[in-house]
> 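The structure is given below, and queries will be raised subsequently.
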Amino acid sequence: AVVSTQSTGGYGENDKTEGEGNSQRESSVQQALLMGIENAYNVLLDIEDIDLIMDGITSSRGRPESSSFNTQNLISKRETFCNDLFKALHIDGYPILNGNAVKPSPEQIPGSVFPSVSLEDDNFVGMFLVPKGKRLLLRVMKIFSFPVSPLILPLILAFLRNLFLFVLVPIPTTPSSADLHTKLFTLLSRTIYITPVGYVSHTFSTLLTFHGTQGYIPRLLQSKEGLTVVSSILARGSDVLTFAKTHPDPDPLLLQWPELFNTFYSCLAGQLRGVFGNALHSQAVDFLVSLAHNASDHQRREIGLELRDVITSYSQNTSLNGTELAQVRNLQVLLHLIGPS
């Protein structure tokens with residue numbers, strides 16, 4: 001991450017020397033970041049090559065020539081390359097096995113506009129801020145999402161640790177980079193929705209650990225990307241609870257889902273209106289549906305009261321378009337199901 005400095009006094013000779021030193025350091029950091037992206041790309045290409053070979057083996061099974069391939073050797077090489085890739089990304093590829101799935105949040109500066117970044121995530125955040133790095137992360141996500149691999153979890157957790165920064169820090173964009181941004185977060189949301197249930201509580205816990213203070217959660221939900229990602233987590237709530245009840249030895253964190261949800265709910269109680277911003281959109285309705293499914297009876301009554309005020313406000317707006325009017329009707333149906341009479 002590049003640190004900007006401001007002069008607090010006159011621009012003297014010492015200031016000039018210090019400014020030149022900062023510029024050189026920033027240039028060195030930028031070069032190291034770009035080299036890291038190139039190294040990660042090279043490893044990623046090796047993994048993609050192995051996947052193509054293995055796909056070819058799968059499609060040619062039953063043919064005599066297919067026996068010449070050492071599938072086990074390819075699998076071993078792929079595992080080595082995957083480890084190298086995560087080293088290049090500076091991410092622990094096996095956080096649960098290493099006891100690092102739920103990391104402590106770095107010390108937050110009171111009143112800070114943005115959450116602090118963990119030192120270990122500095123490189124990951126830097127990659128996200130560079131278009132070439134963002135394209136790299138998108139390709140890495142695709143490799144481990146379809147089919148879902150256990151190696152997708154550390155990537156999801158890294159995104160969630162820094163979600164607020166990724167969706168709310170203003171970054172100059174071009175149409176192509178904006179499209180890349182949308183694709184990345186769409187893929188992230190879909191992957192969370194299909195990831196193994198045993199991982200879901202880790203994603204929820206990470207979100208709360210890094211965003212559960214200083215009003216970050218309500219502000220995060222004011223962005224469509226943040227809202228979609230959080231909705232994907234909440235939508236898995238019933239899966240988590242069912243798994244925890246039926247599995248003979250569930251992860252203890254799965255059993256804590258109701259407690260995690262209560263913590264999340266307390267972060268945004270009374271602030272649901274902010275979820276809608278200045279316009280109704282389908283992501284907000286999907287979020288409220290997932291929120292209500294996880295809520296207790298008392299929480300649903302509170303949601304219903306807030307929702308009734310939102311519907312009343314929007315119903316009086318004569319300038320709503322057809323899509324927004326449809327969303328108001330969806331909210332009215334939801335209010336009928338969960339809210340007070």
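Since we're looking at a predicted model, the values are computed, not measured.
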> Atom CZ in Phe185, atom CG in Leu138: separation rounded to 0.5 Å?
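Reported value, rounded in 0.5 Å steps: 11.0 Å.
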> Enter the distance from Asp239:CG to Thr195:OG1 here, rounded to the nearest 0.5 Å.
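Spacing of CG (Asp239) from OG1 (Thr195) equals 11.5 Å.
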> Could you state the interatomic distance from NE2 (His293) to OG (Ser238), rounded to the nearest 0.5 Å?
8.0 Å
> Looking at Ser205 and Leu253, what are the two nearest heavy atoms and their distance?
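Where Ser205 meets Leu253 most closely, the heavy atoms are CB-CD2, 4.1 Å.
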> So for atom CZ, which belongs to Phe146, do other residues, nucleotides or ligands contribute more than 12 heavy atoms lying within a distance under 6.0 Å?
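Count over threshold, so yes.
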> Do Leu208 and Leu268 belong together in a cluster built from hydrophobic side chains that touch within less than 4.5 Å?
yes
> Assess the residue pair Ser313 and Arg273 against the criterion (side-chain hydrogen bond (donor to acceptor under 3.5 Å, both in side chains)); give the C-alpha distance rounded to whole Å, side-chain angles, the decisive distance to 0.1 Å, and a yes or no.
CA-CA 10 Å; Ser313 174; Arg273 178 61 187 266; 3.2 Å; yes
> Got a salt bridge between Asp46 and Lys77, using NZ or NE/NH1/NH2 to carboxylate O under 4.0 Å?
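Salt bridge absent between Asp46 and Lys77.
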> Within 45° of the six-membered ring axis of Phe128 and under 6.0 Å from that ring's centre, is NZ or CZ of Arg135 located there?
no
> Membership question, hydrophobic clusters at under 4.5 Å side-chain separation (ILVMFWY): are Phe144 and Leu45 in the same one?
no
> Nearest 0.5 Å, what's the CG-CD1 distance between Leu157 and Ile91?
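Leu157 atom CG to Ile91 atom CD1 measures 9.5 Å (nearest 0.5 Å).
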> According to a 4.5 Å side-chain heavy-atom criterion applied to Ile, Leu, Val, Met, Phe, Trp and Tyr, with indirect links allowed, do Leu151 and Val148 form part of one hydrophobic cluster?
yes
> Would you indicate whether the side-chain heavy atoms of Val310 and Leu272 approach each other to under 4.5 Å?
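Result no, sub-4.5 Å side-chain heavy-atom pair not found.
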> In terms of hydrophobic clustering (I, L, V, M, F, W, Y; side-chain heavy atoms under 4.5 Å; direct or indirect links), are Phe287 and Val229 co-clustered?
yes
> Kindly compute the distance separating CG (Leu207) from CG (Leu260), expressed to the nearest 0.5 Å.
10.0 Å
> Verify the cluster assignment for Leu188 and Phe164: are they in a single hydrophobic cluster under the rule of side-chain heavy atoms below 4.5 Å apart?
yes
> Tell me, do Arg78 and Ile47 make a side-chain contact under 4.5 Å, heavy atoms counted?
yes
> Once side chain to side chain donor-acceptor pair (under 3.5 Å) is applied, do any residues pair with Asn262, and if so which ones, sequence neighbours excluded?
Gln299
> Begin from the C-alpha positions of Lys132 and Tyr41 and carry the test side-chain contact (heavy atoms from CB on, under 4.5 Å) through to its verdict.
CA-CA 10 Å; Lys132 189 171 185 178; Tyr41 258 117; 3.7 Å; yes
> Looking only at non-hydrogen atoms, find the nearest pair between Pro154 and Gly93 and report the distance.
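Closest approach of Pro154 to Gly93: CG-O, 3.5 Å.
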> Measure up the Trp257 and Phe204 rings against each other and bin them: parallel (under 30°), tilted (30 to 60°), perpendicular (over 60°).
tilted
> Given side chains that start at C-beta, do those of Asn83 and Tyr94 come closer than 4.5 Å, heavy atoms only?
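Result yes, sub-4.5 Å side-chain heavy-atom pair found.
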> For Asn294 versus Gly237, what's the shortest heavy-atom pair and its separation?
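For Asn294 and Gly237, the tightest heavy-atom pair comes out as OD1-CA, 3.5 Å.
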> Is a donor from one side chain sitting under 3.5 angstrom from an acceptor on the other, for Gln327 and Tyr314?
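No pair is found: no donor N or O on one side chain lies under 3.5 Å from an acceptor on the other.
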> Do we see a donor-acceptor contact under 3.5 Å between the side chains of Thr203 and Arg236?
no
> Could you pull out the closest heavy-atom pair between Gly226 and Leu221, with the gap in Å?
O-CD2, 4.4 Å
> Please confirm whether the backbone N or O of His202 pairs with a side-chain atom of Thr206, one donor and one acceptor, at under 3.5 Å?
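Present.
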> Just by distance, with hydrogens left out, do Gln332 and His336 show a side-chain donor and acceptor under 3.5 Å apart?
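Side chains of Gln332 and His336: no pair found under 3.5 Å.
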> Does this structure show an ion pair linking Asp297 with Arg301, if we count only N-O contacts that are shorter than 4.0 Å?
no
> Taking only residues two or more places apart in sequence or in another chain, which ones pass salt bridge (charged side-chain N to carboxylate O under 4.0 Å, His left out) with Arg190?
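Listed in chain order: nothing, the list is empty.
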> side-chain contact (heavy atoms from CB on, under 4.5 Å) for His181 and Lys134? Distances and angles first, verdict last.
CA-CA 8 Å; His181 187 87; Lys134 192 175 290 186; 3.3 Å; yes
> What distance separates Leu288 CG from Asn330 CG, expressed to the nearest 0.5 Å?
11.0 Å
> So do Phe124 and Val117 actually touch side chain to side chain, heavy atoms under 4.5 Å?
no
> Below 4.5 Å, heavy atoms only, C-beta onward: do Ser149 and Ile143 meet side chain to side chain?
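No, their side chains stay 4.5 Å or more apart.
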> Looking at side-chain heavy atoms only, is the closest gap between Arg139 and Glu48 below 4.5 Å?
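A side-chain contact under 4.5 Å exists here.
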> Of the non-hydrogen atoms in His211 and Ile217, which two are nearest, and what is the gap between them?
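Looks like O-CG1, 3.2 Å.
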> Is Glu324 close to Asn321 at the side-chain level, that is, under 4.5 Å between some pair of heavy atoms?
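Sidechains of Glu324 and Asn321: in contact.
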> Do the side chains of Glu120 and His90 get nearer than 4.5 Å, heavy atoms only?
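With C-beta onward as the side chain, the pair stays apart.
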> For Gln271, enumerate each residue passing the side-chain contact (heavy atoms from CB on, under 4.5 Å) test, keeping only those at least two apart in sequence or located in another chain.
Pro218
> Give a yes or no on whether the backbone of Gly270 and the side-chain of Glu306 come within a donor-acceptor separation of less than 3.5 Å.
yes
> Ile233 and Leu160: side-chain contact (heavy atoms from CB on, under 4.5 Å), yes or no, with the steps?
CA-CA 11 Å; Ile233 296 174; Leu160 290 181; 4.1 Å; yes
> Checking side-chain contact (heavy atoms from CB on, under 4.5 Å) for the pair Leu89/Leu137: CA distance, chi angles, key distance, verdict?
CA-CA 9 Å; Leu89 297 175; Leu137 295 177; 4.1 Å; yes
> Taking all heavy atoms of Asn123 and all of Ala88, pick out the closest pair and write down the distance.
ND2-O, 3.7 Å
> Can the ring centroids of Phe86 and Phe81 be said to lie less than 6.0 angstrom from one another?
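Distance test on ring centres: not under 6.0 Å, no.
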